[in-house]
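First comes the structure, then the notes that go with it.
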Number of protein chains: 2
Amino acid sequence: MRKSKRERQRLLQETIRENPFITDEELAEKFSVSVQTIRLDRLELSIPELRERIKNVARQSFADKVRALPLEEVIGDIIDIEPDASAISIFDVKEEHVFRRTRIARGHHLFAQANSLAVAVIHDELALTAKAAIRFVRQVKEGERVVAKAKVTGKTAHGRTIVEVNSYVGQELVFSGTFEMYRSNIEKKDGDSHEYRG
Amino acid sequence: MRKSKRERQRLLQETIRENPFITDEELAEKFSVSVQTIRLDRLELSIPELRERIKNVARQSFADKVRALPLEEVIGDIIDIEPDASAISIFDVKEEHVFRRTRIARGHHLFAQANSLAVAVIHDELALTAKAAIRFVRQVKEGERVVAKAKVTGKTAHGRTIVEVNSYVGQELVFSGTFEMYRSNIEKKDGDSHEYRG
DNA sequence: TCCGATTTTATGACTAGGTACTAAAAGTAA
DNA sequence: TTACTTTTAGTACCTAGTCATAAAATCGGA
């Protein structure tokens, strides 16, 4: 049976919200009305046409992606750095970093912050983590700000650089790690961004 | 000056990758050639038209939205598990896991896979990583499939469980880690998912 | 049952951003 | 100059629409 205008428009909104990729023709078939009726409905409800809807979805995800990618190159914001000596970064634990149930930060984010910082402190073209020994001292909860402090403490016989990273929430130590870093020994150019493996 | 065909096509690919929302007309203007030339270029490079590109971006974000959250609870797909004994997971290294320049996987993804697996293998309500010693044996590139194998190897004096995780690409060892896991000693209920800190 | 209003459908002209195809013009190397 | 590549132009056609006009169908009320 054909529904009333009101009911049809309500369902139309819902249908499009669930699947923005549906054409007017498909909608017309679904509701057993003409394409023109669907267009009138969209006009009344201020629902843009298919192509505009798709563009909106795409734009949103694209904005997210450009924001996400550069951010992920280094986890945490580096706020101070003395090449080959020390560095500090901060990382705010948000919803996307914690477990839904416990609201405790997933460990790999803390690891990633520390690891990124260990890479960044190395004043070299290429810095790679070779080994790491880490300790999760206490849980970090959503909303907390983690401050990671890296210090270059020495070298191994193989020419690798040892970096100690301690992360704090306030005065409390939450994470601690020792990173053994491989380095290419090619001086880093100004403005060139670091990359790392490991 | 107008570039050679090769160079133009290289830049074209880059331009579209960076901004899929650009029309042929805008591209023609940018490269000082006719719209037809741009279309020939796209044909040769198998780059779909604007609308298709936008649709792809939209589709991806639409799919991601449903997939992203539950997937992140455990990094990698667990394909086999024997509680408190061993477990295996696979993780396909995709674009979002690597550095743009080198196409080498970011270390924290390998760490996350291993760590998730170490947590999953523990047959307990609550499993937390207390310590870990890890080694990145060789780089992992985009497109490679990493198979992580976890084995429970012993216990410490404090009742912590030791889990060894080795990750391979084919026969090659790429990552190796020893995880010391804290456990609540409350038996895990069936169907209940694990959570972990650290 | 007829009236008037609402609702639905049809039709035509136009749009962006293309595809597919043909053909000609321009540039380039031997 | 010839032969080939590359670029440009033009036409017909496509989808998924917009906008405007008009006619047909449906419905409630006196």
Side-chain angles (χ1 to χ4, degrees), chain A residues 1-69, chain B residues 1-67 94-96 100:
Chain A
M1 205 203 77
R2 262 162 70 158
K3 285 120 183 163
S4 74
K5 190 183 179 183
R6 254 193 124 78
E7 176 69 357
R8 187 189 61 235
Q9 292 195 344
R10 199 183 57 74
L11 288 171
L12 188 79
Q13 277 187 309
E14 204 182 294
T15 305
I16 291 175
R17 184 159 33 80
E18 268 173 34
N19 174 25
F21 299 88
I22 196 164
T23 64
D24 285 358
E25 211 171 294
E26 289 166 331
L27 287 164
E29 196 154 328
K30 182 176 172 127
F31 294 109
S32 308
V33 291
S34 70
V35 176
Q36 284 75 11
T37 303
I38 296 294
R39 287 180 181 162
L40 262 179
D41 283 348
R42 278 202 299 99
L43 197 75
E44 285 176 20
L45 300 169
S46 306
I47 298 171
E49 64 164 291
L50 171 67
R51 285 158 178 168
E52 287 305 312
R53 292 194 305 260
I54 291 178
K55 213 187 281 176
N56 290 341
V57 176
R59 255 203 294 267
Q60 214 185 336
S61 81
F62 204 72
D64 286 351
K65 212 170 273 175
V66 259
R67 222 176 318 133
L69 266 171
Chain B
M1 205 203 78
R2 263 162 70 157
K3 284 122 184 164
S4 74
K5 191 184 177 183
R6 255 194 124 75
E7 176 69 358
R8 188 189 60 236
Q9 291 195 344
R10 201 184 57 73
L11 289 171
L12 188 78
Q13 277 187 309
E14 204 182 294
T15 305
I16 291 176
R17 186 159 34 79
E18 270 172 34
N19 174 23
F21 298 89
I22 196 165
T23 64
D24 286 356
E25 212 172 294
E26 288 166 331
L27 287 164
E29 196 155 326
K30 183 178 172 125
F31 293 109
S32 307
V33 291
S34 70
V35 175
Q36 284 75 9
T37 301
I38 296 294
R39 288 181 180 160
L40 262 178
D41 284 346
R42 278 202 300 100
L43 198 73
E44 284 176 22
L45 299 169
S46 305
I47 299 172
E49 62 165 292
L50 170 68
R51 284 159 180 168
E52 287 306 310
R53 294 195 303 263
I54 290 178
K55 214 187 280 177
N56 291 341
V57 175
R59 256 203 295 268
Q60 216 186 344
S61 82
F62 213 69
D64 281 356
K65 223 165 264 173
V66 211
R67 218 175 335 133
K94 294 183 186 151
E95 202 196 327
E96 61 265 36
R100 281 195 305 274

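Atoms considered below: every heavy atom in the structure, side chains included; atoms not considered: hydrogens, waters and symmetry mates.
- For the pair A/R17/A/Q13, no side-chain contact is recorded, criterion being any heavy-atom separation below 4.5 Å from C-beta on.
- End-to-end axis angle for the helix from C/dT1-D/dA30 to C/dA30-D/dT1, using five pairs per end and rounding to 10°, comes out at 10°.
- Using a 4.0 Å cut-off, some side-chain N or O of A/T37 falls inside it from OP1 or OP2 of C/dT9.
- Within residues 40-49 of chain A, the residues having any heavy atom closer than 4.0 Å to DNA chain C are, in order of number, A/L40.
- We find that CZ of B/R39 is positioned 15 Å from P of D/dT11, with the value rounded to whole Å.
- Atom CG of B/L27 and atom C1' of D/dT7 are 16 Å apart (whole Å).
- Between B/I54 and B/V57 there is no side-chain heavy-atom pair separated by less than 4.5 Å.
- Taking the side chain as every heavy atom from C-beta outward, A/L50 and A/D24 never approach each other to under 4.5 Å.
- B/N56 and B/R53 share no donor-acceptor pair across their side chains, judged by distance under 3.5 Å alone.
- Crowding of B/E29 atom CD: a count of heavy atoms from other residues, nucleotides or ligands under 6.0 Å not exceeding 12.
- If you measure from atom CD of B/E25 to atom C1' of C/dT19, you get 16 Å, rounded to the nearest angstrom.
- Annotation: side chain of B/R8 is in contact with side chain of B/T37 (closest heavy-atom distance under 4.5 Å).
- For the pair A/K55 NZ and C/dA16 P, the interatomic distance rounds to 12 Å; values are reported in whole Å.
- A/E25 CD: 12 or fewer foreign heavy atoms inside a 6.0 Å radius.
- Atom pair A/I38:CD1 and D/dA16:C1' shows a separation of 14 Å (rounding to whole Å applied).
- With contacts defined as side-chain heavy-atom distances shorter than 4.5 Å, the pair A/F31/A/T15 qualifies.
- Between the P atom of C/dA16 and the CG atom of B/D24 lies a distance of 14 Å, rounded to the nearest Å.
- Phosphate proximity of C/dT8 to A/R8: present, with a side-chain N or O under 4.0 Å from OP1 or OP2.
- With the nearest nucleotide of DNA chain D identified for both A/R51 and B/Q9, B/Q9 has the one nearer the 5' end.
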| request: Take A/R10 and A/E14, measure what salt bridge (Lys or Arg N to Asp or Glu O under 4.0 Å) needs, and give me the verdict at the end. | output: CA-CA 7 Å; A/R10 199 183 57 74; A/E14 204 182 294; 3.7 Å; yes
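- In this structure, of C/dG18, D/dT6, C/dA10, it is C/dA10 that holds the atom nearest to the side chain of A/S34.
- For the pair B/E26 CD and C/dA16 P, the computed distance is 13 Å after rounding to whole Å.
- D/dT7 atom C1' lies 16 Å from atom CZ of B/F31, rounded to whole Å.
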